[in-house]
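Data first, discussion second: the structure below is written as structure tokens.
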Amino acid sequence: MGVLNSVFQSPYLGLGLGGVGTGISTAAAYNDARAQNLANEFNASQLQQQAQLSRIQAANYRQLGEVEAADTLREYESLRGAQRAAYGASGVSVNAGSAADVQANTAAEGVYESQKSRYSRALDAWQKDVEATNLEGKSGFTLANKTNPYISAATAALTGTANMYSTYSNWKK
């Protein structure tokens, strides 16, 4: 029992276990840094994909704005044609007086509504462009947040070694 007691009270056992712990901590720090870097790369790629999707949506909104504007103009042209037909059927001159004024107002309103539709979709597109820019920025920041696994491992090794030296120094006193 005396030999066993002296083994467990020996500072060399503590130093040996400290060395094993330092080795394990060093390997864990290295692997943790690598895993974090891989997660950052994955997250950055996901953010880039979301940014690309936002850019596609922005382009779709712009195209939709043009289509809606053209449709609105066609609708108002159709309404203007119906007005001309109604005036003509009533025997009213379609090219003069209040009939001409009503048709001019209808055409102007059609242009206004088509521009309003185009503008609304342009705002939607702008919002998606801003979203894409923000996502690209987040992606870059995520990639910039990488850690060198060797530095993490070296830090763990130095910390463990310093702790072991401190333990040894205290034992020698």
Student check: side-chain heavy atoms of [X] and [Y] closer than 4.5 Å:
X	Y	result
E136	R55	yes
D129	R62	yes
V102	R84	no
Q115	Y119	no
S54	L135	yes
L143	N40	no

Closest approach of [X] and [Y], non-hydrogen atoms and distance?
X	Y	value
A156	A29	CB-CB, 3.8 Å
T72	G110	CG2-O, 4.0 Å
P149	N37	CD-ND2, 4.0 Å
A99	S93	CB-O, 3.5 Å

Distance from [X] atom [atom1] to [Y] atom [atom2], nearest 0.5 Å?
X	Y	atom1	atom2	result
N60	D124	CG	CG	11.5 Å
I151	L158	CD1	CG	11.5 Å
Q36	N43	CD	CG	8.5 Å
E68	K116	CD	NZ	12.0 Å
E113	R118	CD	CZ	13.0 Å
Y150	T155	OH	OG1	14.5 Å

Check: Crowded around Q49 CD? As in, over 12 foreign heavy atoms under 6.0 Å?
Finding: yes

Check: Does a salt bridge link E131 with K128, judged by any charged N lying under 4.0 Å from a carboxylate O?
Finding: yes

Note to self: One thing to verify: whether E66 and R121 come together as a salt bridge, which I'm taking to mean a side-chain N less than 4.0 angstrom from a carboxylate O.
What the structure shows: no

Notebook entry, point to check: When you measure from the side chain of S45 to the backbone N and O of F42, does any donor-acceptor pair fall under 3.5 Å?
Noted result: yes

Check: Would Y61 and W126 show up in the same hydrophobic cluster when neighbours are defined by side-chain heavy atoms closer than 4.5 Å?
Finding: no

Next item on the list: Taking atom types as modelled, find out whether Q83 and T106 have a side-chain donor-acceptor pair closer than 3.5 angstrom.
Entry: yes

Notebook entry, point to check: How about N105 and E109: does a side-chain donor come under 3.5 Å of a side-chain acceptor?
Noted result: no

